[in-house]
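When reading the values below, keep in mind they use all heavy atoms of this one structure, side chains included, and skip hydrogens, waters and symmetry mates.
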Amino acid sequence: MSNPLVQAFFVGRAVAEVINERIEVAFTDALSEIGKFDAEAREQLRQFTDEVIERANRASAAAEAGQTTTGVGTTPAESVDLQATIDELRAEIALLRNELQRYRSSSV
């Protein structure tokens, strides 16, 4: 290869081939990583869904085991009792917050 023009052509061609191969490898690796990420995300979503369903089933079974009647749904009296319980718990929380604030202010 005594002609520098021919040598420059082959060097340029070799550079283009190497760059093309490296871009191909990088692109393939990127697609592979995207595929792995997608598969992992789907697996985590499936595990999350399974865990949610499992907990819901356990809670449902516990609620059914604690039920004394076999009726479907709750009666208005049960609903009122539940609301009363929630109200009592809120009142207790408010009382505890006040006591905690009083304790903190007296210890400072």
Side-chain angles (χ1 to χ4, degrees):
M1 275 196 231
S2 60
N3 188 353
L5 189 58
V6 173
Q7 186 176 5
F9 170 76
F10 285 114
V11 168
R13 183 175 166 189
V15 167
E17 288 175 353
V18 169
I19 289 173
N20 190 24
E21 288 173 2
R22 293 209 178 165
I23 288 174
E24 182 180 337
V25 167
F27 184 69
T28 304
D29 289 346
L31 287 179
S32 174
E33 289 298 319
I34 290 171
K36 278 198 282 188
F37 174 76
D38 182 49
E40 289 172 358
R42 287 178 189 261
E43 179 62 21
Q44 289 177 356
L45 180 61
R46 186 193 61 76
Q47 289 174 352
F48 175 77
T49 304
D50 289 346
E51 184 177 345
V52 168
I53 290 172
E54 180 182 336
R55 286 187 184 192
N57 288 340
R58 277 190 277 154
S60 175
E64 287 177 6
Q67 251 182 348
T68 57
T69 61
T70 59
V72 178
T74 58
T75 64
E78 291 172 344
S79 178
V80 170
D81 292 340
L82 179 62
Q83 187 61 45
T85 303
I86 291 172
D87 291 341
E88 289 174 10
L89 290 173
R90 286 182 178 158
E92 287 180 26
I93 290 171
L95 180 67
L96 288 173
R97 283 184 180 164
N98 288 336
E99 291 295 323
L100 184 60
Q101 286 176 350
R102 191 175 313 145
Y103 174 77
R104 286 180 180 165
S105 63
S106 68
S107 65
V108 173

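Hydrophobic cluster membership differs between Ile19 and Phe27, with clusters built from Ile, Leu, Val, Met, Phe, Trp and Tyr side chains linked at under 4.5 angstrom. Grouping the Ile, Leu, Val, Met, Phe, Trp and Tyr side chains by contacts below 4.5 angstrom, directly or via other members, places Tyr103 apart from Leu95. Hydrophobic clustering (side-chain heavy atoms under 4.5 Å, transitive across Ile, Leu, Val, Met, Phe, Trp, Tyr) groups Val6 together with Phe9.
Taken to the nearest 0.5 Å, the CG atom of Asp38 stands 12.0 Å off from the CG atom of Leu31. One distance of note links CD of Glu88 with CD1 of Ile86; it measures 10.5 Å at 0.5 Å rounding. Atoms CD and CD, on Glu33 and Glu40 in that order, are 8.5 Å from each other to the nearest 0.5 Å. Remark: Leu96 CG to Glu92 CD distance equals 7.0 Å, nearest 0.5 Å.
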- [ ] Verify salt bridge (Lys or Arg N to Asp or Glu O under 4.0 Å) between Glu51 and Arg55, making sure each step is shown before the conclusion.
- [x] CA-CA 6 Å; Glu51 184 177 345; Arg55 286 187 184 192; 2.9 Å; yes
Open item on the list: Could you go through Arg22 and Val18, starting from their C-alpha distance and side-chain angles, then the distance that decides it, and tell me whether this counts as side-chain contact (heavy atoms from CB on, under 4.5 Å)?
Closed with: CA-CA 6 Å; Arg22 293 209 178 165; Val18 169; 4.0 Å; yes
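Side chain of Thr49 to main chain of Leu45: a donor-acceptor pair is present (N/O by atom type, distance under 3.5 Å, no hydrogens or angles). Side chain of Ser32 to backbone of Thr28: no donor-acceptor contact under 3.5 angstrom is found.
The neighbour count for Arg46 CZ, taken as heavy atoms of other residues, nucleotides or ligands under 6.0 Å away, is above 12. Annotation: Glu24, atom CD; neighbour count of heavy atoms from other residues, nucleotides and ligands within 6.0 Å does not exceed 12.
Side-chain atoms of Asn98 and Gln101, non-hydrogen and from C-beta on, do get closer than 4.5 Å to each other.
Donor-acceptor pairing under 3.5 Å is recorded for the side chains of Gln83 and Asp87.
Here Glu54 pairs with Arg58 in a salt bridge; the nearest charged N to carboxylate O distance falls below 4.0 Å.
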